[in-house]
Amino acid sequence: MLRRVSLVSLLLRSAAVHAQQPVGPLPGYASATAARERQVEAAALASPTPESAAVHARALAAEPHVAGTAAQARTRDYVVAQMRRWGLQTEVRAYDVYMPHPTGVRVWRVAPDTQEIPLSENPPASLGPEVPVFNGSGAAGDVSGEVVYVGWGLAEDYAVLDRIGVSVRGRVALARYGRSFRGIKAREAERRGVVALLIYSDPQDDGYVRGDVYPEGPMRPPR
């Protein structure tokens with residue numbers, strides 16, 4: 001259960017903290033307003049706690065909430081309710097914008113046999129529907145081709161392929177995540193006539209090879 005903290009209680013708590021602080025000039029503030037500024041700063045420092053952060057983190061991560069979905073609206077309502085509970089004047093404005101949403105994102109291996117390649121692990125049922133991984137600015141389409149590993153998918157990686165006589169034109173490029181913004185990988189692939197780009201996270205870079213995986217640690221799970 002969330003703990004209610006009123007502005008009055010925050011100020012009372014900050015007064016106790018402030019009483020222990022040295023009183024003196026505060027750069028940028030007149031002496032008449034310095035005490036009030038110290039009080040406000042102390043209140044801001046005293047209010048966050050690991051417990052409250054854990055409560056809010058669990059609530060905000062309870063389900064995938066892509067912008068424009070009902071789940072995102074529930075997340076918005078939670079944040080608004082908390083801010084108003086803290087005494088902050090809060091309003092919600094709606095805007096009509098174009099947002100990419102994944103529909104029918106699937107990858108199949110067609111040789112030597114036909115098999116669908118899972119794009120991610122199924123989340124726990126409590127998290128709600130899974131959002132397929134996708135590139136928000138990628139073009140829609142249905143393509144097929146031989147897969148070519150392109151390292152990090154950067155210009156220097158394609159230069160190595162050129163030197164050994166491997167062409168990626170008309171093929172599907174498989175690139176490792178990291179060392180560059182994803183858009184750079186897509187740009188380099190498009191420049192060379194790649195029909196599709198698949199980006200994956202290598203455990204060697206950010207997974208169990210580097211350290212303990214979630215929830216024991218910050219690294220990605222084995223699969």
Side-chain angles (χ1 to χ4, degrees), residues 2 5 7 44 47-48 52-108 116-145 150 152-155 158 168 171-202 205-207 214 218-221:
L2 294 178
V5 180
L7 293 181
S47 57
S52 64
V55 169
H56 298 316
R58 292 190 185 97
L60 295 174
E63 58 181 335
H65 47 272
V66 178
T69 64
Q72 188 273 335
R74 289 189 288 271
T75 302
R76 173 206 63 203
D77 294 342
Y78 174 85
V79 173
V80 169
Q82 300 308 309
M83 296 180 71
R84 289 175 176 169
R85 183 175 298 170
W86 296 330
L88 300 176
Q89 182 178 350
T90 309
E91 65 179 44
V92 176
R93 297 183 181 182
Y95 298 91
D96 293 327
V97 297
Y98 287 104
M99 290 291 297
H101 281 219
T103 56
V105 180
R106 304 178 72 178
V107 177
W108 293 80
E116 184 170 9
I117 307 300
L119 298 182
S120 60
E121 291 293 312
N122 293 325
S126 59
L127 293 181
E130 183 178 14
V131 179
V133 293
F134 75 109
N135 183 7
S137 299
D142 185 0
V143 299
S144 61
V150 296
W152 302 101
L154 304 180
Y158 289 104
V168 296
R171 295 178 172 177
V172 176
L174 179 64
R176 296 169 68 174
Y177 187 89
R179 291 199 180 180
S180 173
F181 171 57
R182 296 183 301 275
I184 300 299
K185 301 176 187 289
R187 183 194 68 184
E188 295 301 320
E190 183 180 16
R191 284 178 172 177
R192 292 162 177 80
V194 170
V195 296
L197 172 65
L198 299 176
I199 304 176
Y200 75 99
S201 291
D202 195 316
D205 306 314
D206 63 354
Y214 181 84
M219 311 311 293
R220 296 177 186 268

Can you name the side chain to side chain contact (heavy atoms under 4.5 Å, CB included) partners of [X], sequence neighbours left out?
X	result
L60	T75, Y78, V79
V195	V143, V172
A71	E63, H65, T69, R74

Let me confirm one number: the [atom1]-[atom2] distance from [X] to [Y], rounded to the nearest 0.5 Å.
X	Y	atom1	atom2	result
R187	S180	CZ	OG	8.0 Å
D142	W108	CG	CH2	11.5 Å
L197	E188	CG	CD	11.0 Å

Test your reading of the model: is there a side-chain donor-acceptor pair from K185 to the backbone of L198, 3.5 Å cut-off? no

Compare every heavy atom of Y158 with every heavy atom of A173, then report the nearest pair and how far apart it is. CB-OH, 4.1 Å

Please name the pair of heavy atoms, one in A67 and one in M99, separated by the smallest distance, quoted to 0.1 Å. CB-CE, 3.6 Å

Taking C-beta and beyond as the side chain, do Y177 and R182 meet within less than 4.5 Å on heavy atoms? yes

By salt bridge (Lys or Arg N to Asp or Glu O under 4.0 Å) - contacts of R171 (at least two apart): E146

Residues passing the side chain to side chain donor-acceptor pair (under 3.5 Å) test with D205, sequence neighbours excluded, are R176

Within residues 93-108 or reaching into it, pairs that qualify as salt bridge (charged side-chain N to carboxylate O under 4.0 Å, His left out) - sequence neighbours excluded: E91-R93, R106-E116

